[in-house]
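Note sheet for the following structure.
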Amino acid sequence: MSPIELNKRQEDILQIVKENGPITGEHIAERLNLTRATLRPDLAILTMAGFLDARPRVGYFYSGKKASVTLIDSIHNLKVKDFHSGPVVVPETMTVYDAICFMFSEDVGTLFVVDKNEFLTGVLSRKDLLRTSIGTQDLNKIPVHIIMTRMPNISYCERSDSLIVAANKLIEREVDSLPVVEPQEGGLTIVGRLTKTTITRAFLSLAQNV
């Protein structure tokens, strides 16, 4: 398996940390004139691959590891928590019409449905909404809980899961995104979403120039 060759931005990050570590992600971003969110995949890859180490409330520091880490090792170390985005959530009582408008305004392909306790109860896809909109039904009178896919027929992942595990779930269930959840007494709280696009970007960032 070929060793990783870091891209230009990752090399710049390593140099900054070598010269200034320990240093926070925010300060690294400032030096590169980028946002912290933009650097998050690169920092996650460098940390998981062993080039950097990180300590809470301290920052990143150079670990001294050489660029002989194999790609397969790095891929298996990528975690959902380092790449997921914010959840897009709607209540069970929202109408299908409002859900369609909300989906397009948020520019997403999936909506996660929660009950009054903010626990995950269902998932709405574009196909669900399109199927319901065909016909003469009044979409303003149909709540989304009537047409959504319900628990336990929902695939989800947790923040500690690897991206490989999450990617397998996306492929097996043939869905575009997974809710990222935290188990709570009484149900699952949604803390994020993981999409095929997110996983693709993570793997491309890792594989760039390899």
Side-chain angles (χ1 to χ4, degrees), residues 29 34-42 44 78-206:
L34 297 170
T35 66
R36 177 67 174 84
T38 300
L39 288 188
R40 183 165 61 177
D42 293 306
L78 299 180
K79 300 296 183 181
V80 170
K81 65 182 180 180
D82 297 307
F83 296 96
H84 74 76
S85 54
V88 181
V89 175
V90 299
E92 291 180 322
T93 54
M94 176 177 279
T95 67
V96 170
Y97 178 83
D98 288 339
I100 292 172
C101 295
F102 186 67
M103 176 175 283
F104 279 95
S105 69
E106 293 294 315
D107 192 24
V108 295
T110 305
L111 299 175
F112 304 129
V113 185
V114 296
D115 61 17
K116 62 182 180 180
N117 296 314
E118 299 297 319
F119 291 141
L120 173 66
T121 59
V123 171
L124 276 174
S125 69
R126 284 178 175 153
K127 289 182 180 179
D128 294 327
L129 296 173
L130 177 61
R131 188 181 302 115
T132 306
S133 65
I134 297 174
T136 59
Q137 304 176 88
D138 187 348
L139 302 183
N140 284 300
K141 294 183 178 179
I142 304 174
V144 295
H145 71 80
I146 298 295
I147 68 167
M148 69 185 185
T149 300
R150 291 179 170 274
M151 294 291 287
N153 299 315
I154 299 174
S155 288
Y156 56 85
C157 59
E158 297 184 29
R159 298 181 77 248
S160 58
D161 289 342
S162 73
L163 283 188
I164 291 293
V165 170
N168 282 333
K169 289 183 178 180
L170 286 169
I171 293 170
E172 289 172 0
R173 295 301 295 269
E174 297 182 348
V175 294
D176 293 327
S177 67
L178 297 174
V180 183
V181 304
E182 286 185 356
Q184 305 285 343
E185 185 176 353
L188 300 173
T189 300
I190 304 175
V191 297
R193 78 180 189 278
L194 192 73
T195 68
K196 288 180 178 178
T197 300
T198 303
I199 290 178
T200 300
R201 286 174 178 165
F203 290 163
L204 284 176
S205 179
L206 178 65

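Side-chain polar atoms of Arg173 and Ser155 form a donor-acceptor pair below 3.5 angstrom. Checking Ser177 against Thr110 by side-chain atom types alone, a donor-acceptor pair falls below 3.5 Å. For Gln137 and Thr132, the side-chain atoms include no donor-acceptor pair closer than 3.5 Å. Thr200 and Thr197 form no side-chain donor-acceptor contact under 3.5 Å, judged by distance and modelled atom types alone.
Residues Thr38 and Pro41 come closest through the heavy atom pair O-CD, 3.5 Å. The heavy-atom pair separating Ala99 from Leu111 by the smallest distance is O-CD1, 3.6 Å. Summarising the geometry of Ala44 relative to Phe83, their closest heavy-atom pair is CB-CZ, 4.0 Å, with the distance given to 0.1 Å. Contact record, Tyr156 with Val181: CD1-CG2, 3.4 Å, taken as the closest heavy-atom pair. Heavy-atom minimum distance, Val88 versus Arg193: CG2-NH1, 3.5 Å. Considering all non-hydrogen atoms of both residues, Pro87 and Ile190 come closest at CB-CG2, 3.5 Å.
No donor-acceptor distance shorter than 3.5 angstrom exists from the side chain of Arg159 to the backbone of Asp82, with no hydrogens or angles considered. Within the 3.5 Å criterion, the main-chain N or O of Phe104 finds no donor-acceptor partner in the side chain of Asp107. At least one donor-acceptor pair closer than 3.5 Å links the side chain of Asp138 to the backbone N or O of Asn140.
Note that the CE atom of Met103 and the OG atom of Ser125 stand 7.0 Å from one another [nearest 0.5 Å]. Interatomic distance, Glu92 CD to Arg150 CZ, rounded to the nearest 0.5 Å: 6.5 Å. Here Asp161 contributes atom CG and Glu158 contributes atom CD; the two are 5.5 Å apart, rounded to the nearest 0.5 Å.
A 4.5 Å side-chain heavy-atom check between His84 and Val80 finds at least one atom pair inside the cut-off. The shortest side-chain heavy-atom distance between Leu139 and Ser133 falls under the 4.5 Å cut-off. Counting heavy atoms from C-beta outward, Leu124 and Leu129 have side chains that approach closer than 4.5 Å.
Heavy-atom contacts from other residues, nucleotides or ligands closer than 6.0 Å to CZ of Phe102 number more than 12.
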